[in-house]
Structures are given as C-alpha cells and as structure tokens.
Amino acid sequence: MADLQPLLHDLAIALRAPTVVLSGRDGQIRGGTQGLLHGDLRLLSEAVVTVDGDEPEAIGGDEPAADRARFTGLLRRLGEPGPDPTVWLRRDRTVTAAGMTEELSLVSTAGASRRRVVEVVLAADFAPIDEIKSGRERSPVAPAGHRWAASSAVSEVTAEGAEVVVDGPRLRLRWTVDGAATLRWSLRVSDERALFVPGTTAVPRPRVHADDRRFTALLDRALDDLGGLLLAERDHPGDAFAGAGAPWFLTLFGRDSLWAARLALPLSVELAGGTLRTLARAQGTRHDPATGEAPGKILHEQRRDPIETHDASLPAEYYGTVDATALWVCLLHDAWRWGLPEDEVRDLLPTLRFALEWITGAADSDGDGFAEYRDESGRGLANQGWKDSGDAVRFFGGEQAKPPIALAEVQAYQHEAVVRAASLLTALGEPAPGLSEWAAALRTRFREKFWVSTPDGHHPALALDGDKRPVDALTSNIGHLLGTGLLSDGESTSIGALLLDPVLAPGFGLRTMSASAGGYSPLSYHCGSIWPHDTAIVVRGLQRSGQSARAASLGAQLLSAAPAFGYRLPELFAGYGLAETSTPLAYPASCRPQAWSAAAAVSLLIAFLGLDADVPAGTVTLSPPRPSPIGALRVAGLPLAGGTLDVAVDASGEVTELRLPPGFRRVP
C-alpha cells in the first residue's frame, strides 16, 4: 500500500517562523505528522507527558495566540474516590523561532498531599519535511547527554529540577513532587543550514470594532497568525516576507508570499517591500529546464534541500510557476500606490523591466499570444498556476487538459502587470514603449479565444489546452479576471453574477469548480474545495470592478465559515454547501495557518469599507457596500503614508466619521 499524506485538521499547531510545533489535541507529541519542525527539518518527534505512569485524559485545549497552545487533562486514577476529578494537569506551550517551552501545572483539590512522579519522554528523528509529508517513519537519533545532533542541526533540552535519564534513543525528564507543582522544560534548536530567520517587520493591528463580532475575531486571529509566519533571509533580516504556511510550506513561495503581501498591503507596505526585494534577489538569469529558471522569471519556492513528492522531484530552488512574475509586477505597482517610498520603488525598476521582458516574450513559449506552461524537466509540477495539483485543469466533462496550458487568470495577471507597469513608469518619468499596445492586443485575443458556453452559462474558459481547445469548466479562476482591465464592464458584471450562483458559492465561500462540472468533488484539492484566499481575491476583484454588493455577499459567506475553524481559516476546506451541511467541513490534509488565508481577512476589511488609496495623488476612496454586511464598523489606526486613517461606517453603509492624514482628501 502506498504511503498516505498525513491528516492535519485535528492537530494543535503553534508557531513562530521558522519553527512550528504540531501535536494532538491532548498536547502529546507522538511522531507521525507531529513534532517540532525548524527550517524543513523535524528536531523533536516525541514529547509524551505522564504522571505516575498515566497519561492525562484530555478535556480541552486551545490556541490563544499563533505561538501558544494549552491543554488540560484529567488524572482520574490519582485523585480521591468519587465521580468528580480531583487531580489534573495543565500544559502551556510557547513556541519561539529557536525552540519551545512547556510549563506543566499539576493541580490537585484532593484532601491529602501525595508524592507523584511527572515524566516527559522526548525523542528526535531529524526527518526532512518531504519524508514526514509522505507518511514515512524513521527511527529516533540517540541523544548525547541533554542534546541530539545530526548533520548541521542540534536540539538541546533544559529542565529545571528534573532528573534527566538517557533511555536508548529517548530522554526521560523526571520530577518527583509533593501535591501540586509547576514544572518547566525547554528545547532550544539550531540548524546552520536553515535558510531563513524570523522576519522583524511587525504587522500593524488597527483597532477594529464591528457589530458582527465574528469579523473582529477573524481579523485578530489572522493578523496574529500572519505575524507568526514572517521570515527573512539571514543576510537581509529587515526584508520580511510571509512563509506560505505550516507545516509543509513554511518557506519562501513566490506566488503565495506575493498574494499574502498584496492582500495585506493596506496594513503593511513594509511587508510588500520586503517580499519584492527578497524575490528580486532570486530573479532568474538563465535558461535551466531542470529548475524552470528563465531570464526575468520570479521564483516559485526555495528550500534547504530538494523535495521529493509522490509525483514530482523539485530542486531546492525552483522556478516552476507561470504567474509569480506578473504578480510581482502587480505588487510593486500596488505597493507604490499604497505608499512604498519612491526611492525603494526606483531601486526595483531594473527587476521590473527584466520581468516585463519575460512577460511579453518568453512566457509565450509557442507564439500564440498567450502565456502558457509545460514542465520541461519531466520531474517538476505538471500544473504551474495556483491550482498546481496534477488533476486541477479539467474540461466540463471531467477530462484532464494536456499541456502546454494557458490559464485564464494568468492572461489577466499579465494584462494587469503590463498596464500597471506602464502607469508606474510613466508616473516616474520613465519610458514605457509598447506596453499599452501589447495589453490592448491581449484583450482582443482573449475575447476571441477564451469565451465559451456551457450548461453553467456563457463565461471564460479555465484555460486553453495544448491543442488550443478551451478547457470549458466553470471555475473560480474567472473571478481573478475582475479588476485587471482584461474585461469590459459588461463582461465583468456577467461574470460577477455567475460567481454568486450556488453552484460556485454555496454558502461558505467560493468553490474552485462548479458543482455541475464532471470533475467536481467537494474533497478535491482544486476541483471543488473552497480556498479562503481564492474567495478573498474574488471579493477584491468584485469590489474593484464596481460590484460592491456582490463583494459583500461573497465576503459574508467566507466570514460565516470562520467560526467552524476557530477563526483560523485553513489553507482550504471541503466544498460542501449549506444545502448539505449546517457547518463547513474540513479538508483533512489542509495546512494552517496559511499566509494568504490569514491575509484574506484584511481583504474582507477593505471590501467592507470599500477602501482604496492613491498615496502619490494624496487621495482616498471610500464606498462601503449598502447595507454593511457586518453592521456598524469602526476602524482606527489604519496605517497610511506615515499617518493613520480612522473611519466609521453605520449599519446602512453610510460613512459617518473620517479622519485622514494631513495632505489627503476623499474622492468619489
């Protein structure tokens, strides 16, 4: 039987990048998927607590912050006779960028004090991330004293007042206590080969109050998680970016890191700047089929070691993405609009021009006028858009498309990138020859080749396949076209109506594929599940294309899903709708926290305010949906151009208060 990818949905997760700790809901760490991972390497694989040989029976736990988890378990054998428990254990875990600490509180309401032995059994296997994800097991490494070491990595234990016993490949920490006690143990980890250090950029936390308390709970959790995911290169600690997600993707991902920064942009131009500069340093300079590198191309992902999956073998530095280059250009423009200092923007113009060469040239590998992808190595990702699983691109009847594949949203990203680049370069007094004409020609080609009619309606195809046939399934991808300038107003309105149909938006957000399509499954990774970031991008596009009521409606659907996940929106969840279940169901292998899922909450805030800004022009636009989908909304301390913006919206959607930084004015 083939190894199965481990499930994650019922694990407790705490992190401070580049460290993440995964355990059972009882707090115990038992190997498998669980452990402390640091920089794609597991440096602790077991941490099991007992009291007089008994494991606590879990009665509850929570994750009050991104870097914390706490658990309570009963010890019924150890208490007084009777139905009510009198002895229990509290386990409080705090994760840092360099390890973890646990405080164990043994509590007793029993009348007589008794001597107890509290023990923590620890092991470390130094398994790499791809081995863990594959479901394979490996034996623990033997400790030397209080520490384990393997290759460039070290784990070292401290335990105040404990007897430390080496027991084969495990360490046993033992405390003998009388009655109630509070004990502490810590693990400090290091890896000389780890690529990244914690990002030092703070994610601002504006003061937000809404009648719908679910929204503030979602936003608070999201900003805390986003802060916990920040990383930076060792040599550039000031350039923070968001690691894509825990546990499998806690590293630099071009597309994911760019979208996270873009969705969170109204809160942090610093995060946008750090992301842009980090990826600019890795921009492709040569043609290499093995890595997918090409001159001007933006990186897909970067790891400490190559990654082996069941269907791909990826080098440590991999460029197999068709969309990150255009998204980099779009983020640079948007960051400039939101106030990235002009000198920082100008420093990135050489990267911009090099990216434009790839967008308007080599991205179209067969000369048909559209950007497409094909894995030239035979070992890379078969699909290289954001839906990158092997079966993600399907016709309405369910047939899988054959490469090279030209995705609809990639044409939109390319169009937007070229138009925005022309606007930026012109504003900075730089030449932008031919860009507007290139974009106009793409609009014409797209209108001629991509639009199809299916039982779901008249809409753009998901893609063109290798034979230039429209891949005609109705998918969420077409929502990414909104607000990019690729569509006419009428086309945008038509697409907006389709996106809100229950076959795509069944009550908890946007399905990746219409339920009427042949390839649909609510538990498919990319053909029917719901991804929060995907929904948020479409909410953003609806707002930008003047469809604020639809943006509010779709945003409210995503908000309704948040309580089911403790307000920590996962990477994705199952695509069942309100007609099938009263509460969203997990996609059980989903990662969390995920950077672009966390940043989705910021996108909802901006949509519910109807907010846009043009810092170079000194203008702010506010057009909240009417009525407000979350009731009255008040925001104070939203950062803008070195100052702050304060705004209040009543339940009807009327702006009742507005305070702008000096030099700004509101425009219609």
Would you say the rings of Phe565 and Phe573 are close, in the sense that their centroids are separated by under 6.0 Å? yes

Can we say Arg626 and Glu654 salt-bridge, meaning some charged N sits less than 4.0 Å from an Asp/Glu carboxylate O? yes

Is any side-chain heavy atom of Leu442 closer than 4.5 Å to a side-chain heavy atom of Val418? no

Can you name the closest pair of heavy atoms from Pro532 and Ala600 and give their distance? O-CB, 3.9 Å

Is the shortest side-chain heavy-atom distance between Val615 and Trp336 below 4.5 Å? no

Does a donor on one side chain and an acceptor on the other come within less than 3.5 Å for Ser516 and Asp456? yes

Do Val419 and Ser436 have side chains that approach each other closer than 4.5 Å (heavy atoms only, starting at C-beta)? no

To the nearest 0.5 Å, how far apart are CZ in Phe396 and OG1 in Thr475? 12.5 Å

So how far is it from His458 NE2 to Ile495 CD1, rounded to the nearest 0.5 Å? 9.5 Å

Is the side chain of Arg568 donor-acceptor paired with the backbone N or O of Arg221 at a distance under 3.5 Å, no angle test? no

Leu542 and Leu500, any side-chain heavy atoms less than 4.5 Å apart: yes

Whether Arg540 side chain and Ala551 backbone form a donor-acceptor pair below 3.5 Å: no

Anything under 3.5 Å between a donor and an acceptor, one on a side chain of residues 381-388, the other on a protein residue two or more places apart or in another chain? List them.
| unit_1 | atom_1 | unit_2 | atom_2 | d |
| --- | --- | --- | --- | --- |
| Asn383 | OD1 | Tyr373 | OH | 2.7 |
| Asn383 | ND2 | Ser389 | O | 2.8 |
| Asn383 | ND2 | Gly390 | O | 3.4 |
| Gln384 | NE2 | Leu381 | O | 3.1 |
| Lys387 | NZ | Ser476 | OG | 3.2 |
| Lys387 | NZ | Asn477 | OD1 | 2.4 |
| Lys387 | NZ | Thr512 | O | 2.8 |

Pair Tyr413 and Trp328, ring centroids less than 6.0 Å apart: no

About how many Å separate CD1 of Ile530 and CG of Leu569, when rounded to the nearest 0.5 Å? 11.0 Å

Heavy-atom closest contact (Leu554 atom, Ala505 atom, distance): CD1-CB, 4.1 Å

Check residues 265-275 and write down every donor-acceptor pair under 3.5 Å in which the side-chain atom is one partner and the other belongs to a residue at least two apart or another chain.
| unit_1 | atom_1 | unit_2 | atom_2 | d |
| --- | --- | --- | --- | --- |
| Ser268 | OG | Leu271 | N | 2.9 |
| Thr275 | OG1 | Leu271 | O | 2.8 |

Between Glu416 and Arg262, does any NZ, NE, NH1 or NH2 come within less than 4.0 Å of an OD or OE carboxylate oxygen? yes

If every non-hydrogen atom of Leu327 is compared with every non-hydrogen atom of Arg255, which pair is closest and at what distance? CD1-CG, 4.0 Å

Ala556 to Phe608 - nearest heavy-atom pair and separation: N-CZ, 4.2 Å

His415 side chain to Thr484 main-chain N or O, any donor-acceptor pair under 3.5 Å? yes

Residue pair Leu558, Val539: steps toward the side-chain contact (heavy atoms from CB on, under 4.5 Å) verdict: CA-CA 10 Å; Leu558 186 58; Val539 168; over 6 Å; no

Any sub-3.5 Å donor-acceptor pair from Glu344's side-chain atoms to Pro341's backbone N or O? no

If you apply the rule side-chain contact (heavy atoms from CB on, under 4.5 Å), what do you find for Leu481 with Phe446, and how did you get there? CA-CA 11 Å; Leu481 278 55; Phe446 186 89; 3.5 Å; yes

Leu340/Leu276 under side-chain contact (heavy atoms from CB on, under 4.5 Å): CA gap, chis, key distance, verdict: CA-CA 11 Å; Leu340 189 67; Leu276 289 163; 4.3 Å; yes

Under the side-chain contact (heavy atoms from CB on, under 4.5 Å) rule, what do Ser423 and His333 come out as? Steps first, then yes or no, please. CA-CA 8 Å; Ser423 174; His333 169 270; 4.2 Å; yes

Working to the nearest 0.5 angstrom, can you tell me the gap between Leu482 CG and Ser492 OG? 5.0 Å

Please round to the nearest 0.5 Å and tell me the distance separating atom CG of Leu331 and atom OG of Ser257. 10.5 Å

What pair of heavy atoms forms the shortest contact from Leu578 to Gly507, and how long is it? CD1-CA, 3.8 Å

For Lys468, the salt bridge (charged side-chain N to carboxylate O under 4.0 Å, His left out) test, sequence neighbours excluded, returns Asp366, Asp368, Glu372

Say whether His526 and Asp391, considering side chains only, have a donor N or O and an acceptor N or O under 3.5 Å apart. no

N/O donor-acceptor pair under 3.5 Å between Gln283 side chain and Ile298 backbone: no

Does any non-hydrogen side-chain atom of Ser560 lie less than 4.5 Å from one of Phe508? yes

For residues 348-357, which side-chain N or O atoms pair as donor and acceptor with protein atoms under 3.5 Å away, sequence neighbours left out?
| unit_1 | atom_1 | unit_2 | atom_2 | d |
| --- | --- | --- | --- | --- |
| Arg353 | NH1 | Pro431 | O | 3.3 |
| Arg353 | NH2 | Pro431 | O | 2.9 |

I'd like to know if the side chain of Ser494 and the backbone of Gly490 have a donor-acceptor N/O pair within less than 3.5 Å. no

Taking only residues two or more places apart in sequence, or in another chain, which ones meet Arg469 in a side chain to side chain contact (heavy atoms under 4.5 Å, CB included)? Phe395, Glu399, Asp465, Asp467

Hey, does Arg394 have a side-chain heavy atom less than 4.5 Å from the side chain of Met513? yes

Enumerate the residue pairs fulfilling side chain to side chain donor-acceptor pair (under 3.5 Å) with a member in residues 596-622, sequence neighbours excluded, ordered by first and then second residue. Arg337-Asp612

Any Thr493 side-chain heavy atom under 4.5 Å of Arg550 side chain: yes

Backbone N or O of Cys330 within a donor-acceptor pair of the Arg420 side chain at under 3.5 Å? no

Any donor-acceptor pair under 3.5 Å linking the side chain of Arg214 with the backbone of Ala562? no

Rounded to the nearest 0.5 Å, what separates atom CD in Gln411 from atom CG in Leu407? 7.5 Å

So, for Ala417 and Ile359, which heavy atoms are closest and what is the spacing to 0.1 Å? CB-CD1, 4.1 Å

Look at the rings of Phe253 and Phe249 and say which category their plane angle falls in: under 30° parallel, 30 to 60° tilted, over 60° perpendicular. perpendicular

Do Val503 and Tyr520 come within less than 4.5 Å of each other through their side chains, counting heavy atoms only? no

